[in-house]
Each structure stands twice: as structure tokens, then as C-alpha cells.
Amino acid sequence: MNEPSVTVATGGTTETLKKFRPGLEGVVAAETALSHVDGTRGVLLIGGYPVEEIAPQAAFEEVVHLLWQGTRATEREVASLRQALAAQRALPAATVALLERVAAARKSPMDALRIAAGTLDLDAPDKEWDGLALRLVARMPTVVATYWRLLHGLTPVEPDAGLGDTANYLYMLTGEMPEDAKVRGLETYLNTVSDHGLNASTFAARVIIATQSDLVSAIVGAIGALKGPLHGGAPGPALDMVFEIGRPEAAEAYLRAKLERGERLMGFGHRVYKVRDPRAEVLAAAAAEMFAADVAGQELYGLAKSVEATAIRLLEEYKPGRRLQTNVEFFTALLLHGLGLESALFTPTFAVGRTVGWIAHCREQMATNRLIRPEARYVGPVYTTW
Ligand SMILES: CC(C)(COP(=O)(O)OP(=O)(O)OC[C@H]1O[C@@H](n2cnc3c(N)ncnc32)[C@H](O)[C@@H]1OP(=O)(O)O)[C@@H](O)C(=O)NCCC(=O)NCCS
């Protein structure tokens with residue numbers, strides 16, 4: 001969308017009026033080999049592979065390797081990465097002490113993650129990128145699980161080096177060995193959200209690292225961007241909505257009332273996708289599989305599908321031509337709920353998966369770095385004297 005700029009003469013000077021694009025919509029601000037989002041055809045490639053292929057089959061560590069090294073890992077490489085991550089899971093003592101204070105202040109898990117993430121390099125040598133990247137990916141789940149337990153008056157569970165990253169996350173949250181089906185469900189989720197083009201939090205990370213700041217600062221900034229309900233904060237409200245609706249027959253009246261009040265339906269609409277978000281498909285399939293042997297889960301799944309169909313019909317009625325479809329968050333909510341995670345854990349768990357992509361983007365940015373510095377058009381007054 002490169003539109004020509006317009007040159008005008010104003011008050012004796014010549015100025016170039018560049019096109020202002022609110023929200024940078026349609027602006028290409030980076031080149032990436034990490035993921036490809038085709039919003040018109042509903043395609044997402046992660047490290048070159050269709051999300052439908054990679055997400056339900058790969059181990060999380062395989063996706064880490066793919067995004068960081070650009071190649072498919074051998075079995076040996078997966079084993080060695082798994083070991084390296086497992087060795088870094090324990091938090092610095094000061095981070096745990098900080099989380100205790102944060103829990104006493106009853107902050108949300110996402111706030112706690114933002115606060116604690118800034119301390120994850122306390123034991124890392126300065127500017128040692130690879131070790132720091134491992135620490136961040138290995139410790140984000142530990143921060144979330146430790147904080148969750150502290151918040152609920154429970155003793156934090158030490159990481160188990162014998163478990164893969166995903167199984168260990170569930171183990172540290174619950175204190176129980178997770179079932180294989182649950183590990184697979186969560187692994188599919190983490191893989192699905194590992195990277196997604198130049199989304200808001202990834203862009204924030206790239207802006208920060210492009211100033212030659214440090215990796216931890218970039219991740220803290222990205223967490224801040226992810227937290228908002230227009231980005232990663234939507235799945236909790238999306239699930240609340242399904243529960244409030246309660247039964248399929250109530251969906252139309254509930255959703256219509258929301259739209260009449262001018263409210264947004266969480267879990268629908270996307271800046272880039274104008275067709276169904278391919279991640280929604282992957283997560284819906286994972287949720288259906290997980291609920292296969294669970295009657296209450298199947299009922300909830302049926303309700304969610306019916307709410308989805310009604311929402312899409314009403315969105316077309318209220319916002320004709322906007323092509324508002326289901327996004328990743330709607331089925332994220334269902335899948336993570338099915339895994340036994342409470343809704344306050346949804347966005348922090350998104351951060352756990354997306355950290356891999358944030359780090360990969362920071363590395364990519366630094367490979368050909370140029371400071372990211374767009375312009376603003378001045379629309380304020382011009383005075384001649386003070
Ligand atoms: C994701 C999102 C921010 C993308 O928005 P965007 O590209 O900036 O689109 P806009 O905010 O310009 O919205 C375009 C129009 O569609 C409407 N719209 C967009 N998403 C909507 C939703 N979920 N429910 C109701 N209306 C919606 C807007 O109100 C606007 O209508 P208008 O032109 O009559 O004012 C937006 O779709 C949204 O808020 N979705 C709900 C939150 C969510 O699920 N976030 C997770 C994203 S993965």
C-alpha cells in the first residue's frame with residue numbers, strides 16, 4: 001500500500017504531507033522469515049509450516065528450535081534443548097521474594113509476570129544473548145505457576161527436570177503429574193501462539209530491541225502490549241461471555257443486547273484476518289479432542305460453537321462488510337478452560353508461548369537493525385511568541 005506522498009506549499013515553505021495510517025494499518029514495517037500471516041486466505045505459516053500441521057504434532061521445544069535456528073531439529077537437538085531449558089527453570093531467589101510481595105498486594109497474574117520478568121536476568125552474565133534467551137523461555141512458566149500458587153496460599157512447586165517444558169508447566173501449576181492428553185492440548189496451544197507476524201507485542205519488542213536496548217527490556221515491553229484486551233487479554237472475557245449466555249437459545253438476545261450497546265464481542269474480529277483465523281480451527285479441534293471423553297466439556301463445546309455461529313451472524317448484521325470472524329482467543333478460552341486453567345491464567349499462558357516468538361523477532365531485528373522511528377504529523381497550534 002505505498003501511496004505517493006503529496007508536496008504542498010504552506011506559508012512560503014514547501015512541506016511533504018505523508019499519508020497518515022492510524023494503527024499503521026497496511027504498513028509493512030519489517031521483513032521476517034519467522035511466520036507468515038495471510039489474512040485473506042486464512043493461512044498461517046510458522047517457520048514455513050502450516051499451523052494446522054505443526055501445532056498439533058510438534059513438541060514445544062521443536063518449535064523453539066525452528067524459530068530460533070530456522071531448521072527442523074534432530075532428535076538429538078530436541079533432547080539437548082529440552083535439557084538446557086530444564087536446567088534454567090528455577091527462579092533467582094530475589095524473583096521469588098518479589099513474587100511473594102506482589103501476591104500480598106493481590107496483583108493480577110499478568111501484572112506479576114510483567115513485574116517479575118524484569119528480574120529474570122539477575123543471575124545472567126551481561127549481554128550473553130543465548131543464555132538469556134533460554135532463561136526467559138524456561139522461566140516464564142515458572143513465574144506464572146509460582147505466582148499462581150502464592151496468590152492462592154499454596155507452596156510453589158519446584159520444577160521437575162525430568163519433564164518437558166509443557167508438562168512441567170502444568171505440573172508446577174497443579175502439583176500433579178498431568179495426563180498426556182492435557183500436555184498435548186497445551187502443547188498445541190503454545191505452538192499455535194508461538195509467533196504471529198508483526199502483532200502489537202512483537203512490534204513493541206522489535207521497537208525496544210532496535211534501540212540497542214536489552215532482551216529483558218524488550219520482553220517486559222511486549223508483556224505490557226500483550227496484556228490489553230484488544231490483543232492478548234480477550235480470552236477471559238470471551239469465556240465469561242459463553243458462561244453468561246449459558247444455553248444456546250439465550251445467545252441471540254444476549255449478543256444482540258451487547259451489540260446494541262456498542263460493545264465488542266471478545267474473540268471476534270482481527271486486524272489482518274478477514275476470514276476465520278486458522279488458529280481458531282486448530283484450537284477448536286484440540287478442544288474437541290480433549291472434551292471427547294467428558295460429557296460436561298462436550299456440552300460446553302456445543303454451547304461455544306452455537307455462540308460462535310450466532311455471533312458471526314449478528315456481527316455481519318450489525319457491522320456489514322467488516323468481515324468479523326472468530327479469532328484465536330475464542331477457542332483459546334475453551335481449550336485452556338478444558339485444561340483446568342482459570343481465566344486469569346489465559347493471558348499469562350499466551351505470554352509463555354509467545355516469548356519464543358518475541359525472542360526470535362528480536363534476534364531477527366538485530367541481524368539487520370535499523371532504529372524504528374516513524375513520524376507524527378503535527379496538528380497542534382503554531383504560535384509565534386511565548
Ligand atoms: C482485534 C480488533 C482490535 C481488530 O480491530 P481493528 O482492525 O482495529 O478494527 P476496528 O477497531 O477498526 O473495527 C472495525 C469495525 O468493526 C467493529 N468491530 C471490530 N471487532 C469487533 C468485535 N469483536 N465486536 C463488535 N464489533 C467489532 C468496530 O466496532 C468497528 O466498527 P465501526 O467501523 O462501525 O466503528 C477488534 O476486532 C476487536 O476489538 N476484537 C475484540 C477483541 C479481541 O477479540 N481481541 C483479540 C484479537 S486476536
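All ligand and atom numbering here is 1-based and tracks the order in the structure.
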task = Could you tell me how the ring of Phe350 sits relative to the ring of His231: parallel (under 30°), tilted (30 to 60°) or perpendicular (over 60°)?
result = perpendicular
message = Contact between ligand 1 and Gly267 is defined here as a heavy atom of the residue under 4.0 Å from a ligand atom; is it met?
response = yes
task = Evaluate the side-chain proximity of Arg256 to Glu317: yes if any heavy-atom separation is below 4.5 Å, no if none is.
result = yes
request  = Determine whether Val220 and Ile208 make a side-chain contact, defined as any pair of heavy atoms from C-beta on separated by less than 4.5 Å.
outcome  = no
note = If you compare Arg323, His231, Lys274 by their heavy atoms, the one closest to atom 46 (C) of ligand 1 turns out to be His231
task = Consider only side-chain N and O atoms of Thr349 and Tyr169, and report whether a donor and an acceptor are under 3.5 Å apart.
result = yes
inquiry  = Quick test: of every protein heavy atom, which one is nearest to atom 1 (C) of ligand 1, and how far off is it to 0.1 Å?
reply    = Gly269 O, 3.7 Å
query = What part of Ala238 sits under 4.0 Å from ligand 1 if we count only heavy atoms: the side chain, the backbone, both or neither?
reply = neither
From Arg264, Arg279, Lys319 - option closest to atom 36 (C) of ligand 1 by heavy atom = Arg264
request  = Indicate whether atom 12 (O) of ligand 1 is within a distance of less than 4.0 angstrom of some protein heavy atom.
outcome  = no
query = Between the side chains of Thr310 and Glu252, is a donor N or O closer than 3.5 angstrom to an acceptor N or O?
reply = no
query = Tell me: protein heavy atom nearest atom 4 (C) of ligand 1, and distance?
reply = Arg271 N, 3.6 Å
task = Decide whether Thr202 and His196 meet the rule of one side-chain donor and one side-chain acceptor closer than 3.5 Å.
result = no
key: No-hydrogen, no-angle side-chain donor-acceptor test under 3.5 Å, Ser217 and Asp214   = yes
request  = Name the option, out of Leu265, Asn327, Leu324, that contains the heavy atom nearest to atom 23 (N) of ligand 1.
outcome  = Leu265
task = Would you kindly specify which portion of Leu315 sits under 4.0 Å from ligand 1, judged on non-hydrogen atoms: side chain, backbone, both or neither?
result = side chain
query = Which residue supplies the protein heavy atom nearest to atom 41 (C) of ligand 1, what is that atom called, and how far is it?
reply = Phe268 O, 3.4 Å
ask   = Does the protein put any heavy atom within less than 4.0 Å of atom 32 (P) of ligand 1?
value = yes
task = Taking the side chain as every heavy atom from C-beta outward, state whether Met177 and Leu163 have any pair of such atoms under 4.5 Å apart.
result = yes
Gln325 side chain to Arg276 side chain, donor-acceptor N/O pair below 3.5 angstrom = no
Element-labelled atoms of ligand 1 that are located less than 4.0 Å from some non-hydrogen atom of Pro229 = 42 (C), 43 (C), 45 (N)
query = Should you measure from each heavy atom of Ala234, which atoms of ligand 1 turn up under 4.0 Å away?
reply = 43 (C), 44 (O), 45 (N), 46 (C)
key: Atoms of ligand 1 close to His270 [distance to a heavy atom under 4.0 angstrom, numbered from 1]   = 4 (C), 37 (O), 48 (S)
ask   = When you measure from atom 15 (C) of ligand 1 to every protein heavy atom, which one gives the shortest distance, and what is it?
value = Arg322 NE, 3.5 Å
message = Applying the side-chain contact (heavy atoms from CB on, under 4.5 Å) criterion to Thr95, which one of Leu120, Thr146, Asp123 satisfies it?
response = Leu120
